[in-house]
Protein chains: 2
Amino acid sequence: MNAERSTNQSVDRALSVLTLFTSTSPSLRVSDVASGLGLGVSTASRLLATLEESGFLRKDSKSQRYELGQQIISLGGVALNNEPIYHNSRAVTQRLAWELGLGANVAVRQGTVLRYLQNVEGPMAPKSYTLLGQTNPLHATGMGKALMLDLSASEREALLGSDDLPAYTTNTIVSHSDLEVELQRSSERGYCTEINELALGRACIAAPIRDFTGQVVAAISLSGALSAINLSERETELARIIIEAADTISVASGYLSPQPQHR
Amino acid sequence: MNAERSTNQSVDRALSVLTLFTSTSPSLRVSDVASGLGLGVSTASRLLATLEESGFLRKDSKSQRYELGQQIISLGGVALNNEPIYHNSRAVTQRLAWELGLGANVAVRQGTVLRYLQNVEGPMAPKSYTLLGQTNPLHATGMGKALMLDLSASEREALLGSDDLPAYTTNTIVSHSDLEVELQRSSERGYCTEINELALGRACIAAPIRDFTGQVVAAISLSGALSAINLSERETELARIIIEAADTISVASGYLSPQPQHR
DNA sequence: CATTGCACTTGCATAATATGCAAACAGGTT
DNA sequence: AACCTGTTTGCATATTATGCAAGTGCAATG
């Protein structure tokens with residue numbers, strides 16, 4: 001039909017099959033895949049069989065449903081270990097989660113969203129699922145704000161569009177001018193917060209991580225239920241901690257010194 | 001050439017390309033892939049381009065080397081969240097690592113090896129890389145032994161072969177009869193240990209996790225440097241802890257009660 | 001600065017391979 | 001037992017991947 005460039009059609013389709021498996025639909029039948037991608041059932045059936053044979057999918061022979069297989073987890077581990085940011089932040093996040101009892105997270109920006117590279121839950125915020133690999137909007141999260149600190153207003157609009165931003169709660173920042181103010185304030189004090197902006201009952205505090213180029217390459221955050229993180233009383237203390245943690249990781253990533261404001 | 005069954009050749013090849021990316025060779029050039037799989041360079045080039053376009057690989061345009069991309073991490077997270085054992089053990093392992101300062105791990109058996117589903121390092125055993133998704137031999141690790149507790153001697157030999165087992169140190173159990181004795185002892189006391197058997201300087205203590213079928217489906221372990229884990233003095237204490245942790249996870253997995261010895 | 005070498009990409013003709021249809025099959029339900 | 005839904009498989013066709021060879025880009029060397 002239409003060949004984008006020099007790519008392999010069946011491989012493309014197989015990879016699209018894999019991306020159909022998400023947190024909200026972790027197991028799929030042949031017909032789900034077929035309709036989800038607009039393929040014939042026979043094609044879907046064969047693609048799934050191939051993916052299963054290589055261990056990328058596993059099939060529950062009773063329910064005839066496919067799920068992601070062990071090979072994916074294996075590759076995921078390799079991919080993580082291949083990220084310098086992961087290396088440099090692993091010990092730090094685990095220590096923070098342990099000492100503060102809160103969630104400790106690291107994320108990078110992936111286009112218009114952030115993607116979690118690390119997610120450790122402290123004793124005060126236990127979860128049974130991991131946020132690893134998941135994405136969240138930039139404008140409604142602490143880490144997302146931290147990841148935008150380098151961008152100019154025009155770059156942000158190019159990225160997020162010039163319309164009002166999607167609201168997740170009544171506290172979500174929806175206008176670009178409000179976002180500008182928020183980011184300016186965050187930049188000056190060196191950390192970002194988010195309270196009830198993505199979901200009610202939660203808050204977080206985040207700081208940017210820079211590498212040897214001086215650019216923001218990742219963000220680290222502490223997160224938890226409002227009562228657990230208790231920002232109204234502990235903001236100063238947690239800010240000091242998160243800024244220091246971010247700097248530790250930045251230095252480990254080769255960051256030398258702050259760039260002067262202009263050139 | 002030869003079609004195993006009803007599989008898609010190019011997809012098969014593309015998946016093989018992905019599995020070439022390992023912890024020991026996390027970045028590959030086109031020619032590496034071509035020679036590694038016995039493909040022509042042009043074919044390899046096109047497969048890699050397709051994988052990159054879907055975000056499964058990323059290309060460093062300067063060095064022309066490919067690495068695993070974000071899509072892999074994304075899928076890895078989904079795959080983890082899809083594992084009931086991961087769900088049921090996440091809070092427990094993070095708590096153990098935190099309270100004891102040791103490494104806390106969960107693994108499942110994957111044929112002849114174990115694969116880590118969880119790997120949290122406590123303050124006394126910091127590591128910058130994750131074992132998540134990696135594999136280890138069954139006979140030379142505590143979790144591996146725990147994962148074999150259900151198997152009969154003949155099943156073990158069918159799995160591991162009847163020859164002597166590979167030695168990683170001079171302490172590795174290499175004979176099947178020694179392994180039988182070790183497993184019998186472990187089964188009776190309810191936990192497994194491993195001291196200097198996979199690598200010198202390390203030890204661990206592990207216990208089996210069972211689900212509602214009563215079968216061993218996973219294992220949990222505490223691990224660390226010999227001096228950190230200090231098994232010679234703390235074995236009784238750590239055994240109690242790891243057995244209790246394993247039971248907590250087993251119960252969460254639907255395990256009801258121990259099966260009587262003979263039907 | 002030009003030259004050589006290496007590694008990767010791309011155009012094109014050929015042949016191998018994926019596809020869709022239809023029939024067979026399996027599992028569960030009425 | 002018959003039906004319905006969903007899945008697999010055989011087979012002929014044409015779409016699609018492949019290998020070759022030329023082209024391009026980059027870095028090291030003379």
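Predicted model, so just to flag it, every value in this text is computed and none were measured. Here is the naming used below: chain letters follow the sequence lines, and residue numbers restart at 1 for every chain. The figures that follow rest on heavy atoms only: side chains count, while hydrogens, waters and symmetry mates do not.
- Defined by atom type and a distance below 3.5 Å, a donor-acceptor pair is present between the side-chain atoms of T22(A) and S25(A).
- Judged by distance alone, the side chains of D247(B) and Y255(B) never bring a donor and an acceptor atom under 3.5 Å apart.
- For K59(A), counting side-chain heavy atoms from C-beta on, the closest listed nucleotide (dC8(C), dT9(C), dT7(D)) is dT7(D).
- Between the CG atom of L47(A) and the C1' atom of dT8(D) there is a distance of 14 Å, given to the nearest Å.
- Regarding D12(A), its CG atom lies at a distance of 13 Å from the C1' atom of dA17(D), rounded to whole Å.
- Contact between the side-chain N/O atoms of K62(A) and the OP1/OP2 oxygens of dA26(C) is not found at any separation under 4.0 Å.
- When the side-chain nitrogen and oxygen atoms of S45(B) are compared with OP1 and OP2 of dC8(C), none of them lie within a distance under 4.0 Å.
- Picking from dA18(C), dT18(D), dT8(D) the nucleotide with the shortest atom distance to the side chain of R13(B) gives dT18(D).
- The nearest whole Å value for the distance from the CG atom in L51(B) to the C1' atom in dA17(D) is 15 Å.
- Distance L48(B) CG to dC8(C) P: 9 Å, rounded to the nearest Å.
- Closest to the N8(A) side chain, of the nucleotides dT18(D), dC8(C), dT7(D), is dT18(D).
- Listed pair R46(A) / dT17(C) fails the phosphate criterion, with no side-chain N or O lying under 4.0 Å from OP1 or OP2.
- For the pair E52(A) and R65(A), the salt-bridge criterion is not met [side-chain N within less than 4.0 Å of a carboxylate O].
- Under a 3.5 Å cut-off, the side chain of N82(A) and the backbone N or O of A79(A) do not form any donor-acceptor pair.
- Look at CD on Q64(A): it is 11 Å from C1' on dG28(C), rounded to the nearest Å.
- A donor atom on one side chain and an acceptor atom on the other are found under 3.5 Å apart for D12(A) and S54(B).
- H176(A) places no side-chain N or O within 3.5 Å of a backbone atom of L160(A) that could act as its donor or acceptor partner.
- Side-chain N/O atoms of Q9(A) include one lying less than 4.0 angstrom from OP1 or OP2 on dT16(D).
- Axis angle across the helix from dC1(C)-dG30(D) to dT30(C)-dA1(D), with five pairs used at each end and values rounded to 10°: 40°.
- Taking atom CG of residue D32(A) and atom P of nucleotide dT5(D), one finds them 15 Å apart after rounding to whole Å.
- Side-chain atoms of V108(A) and Q110(A), non-hydrogen and from C-beta on, do get closer than 4.5 Å to each other.
- Between A44(A) and S10(A), the residue anchored nearer the 5' end of DNA chain D, judged by the nucleotide with its closest heavy atom, is A44(A).
- Residues satisfying the side chain to side chain donor-acceptor pair (under 3.5 Å) criterion with S250(A), sequence neighbours excluded, are absent altogether.
- Atom OH of Y129(B) has 12 or fewer heavy atoms from other residues, nucleotides or ligands within 6.0 Å.
- Residue S31(A) has its side chain nearest to dT7(D) when only dT19(C), dT9(C), dT7(D) are considered.
- The CZ atom of R29(A) sits 14 Å away from the P atom of dG28(C) (whole-angstrom rounding).
- A donor and an acceptor atom, one from each side chain of N119(A) and E121(A), are located under 3.5 Å apart.
- Within residues 36-43 of chain B, the residues that have a heavy atom under 4.0 Å from DNA chain D are, in order of number, S42(B), T43(B).
- As rounded to whole Å, 15 Å separates atom C1' of dT8(D) from atom CD of E53(A).
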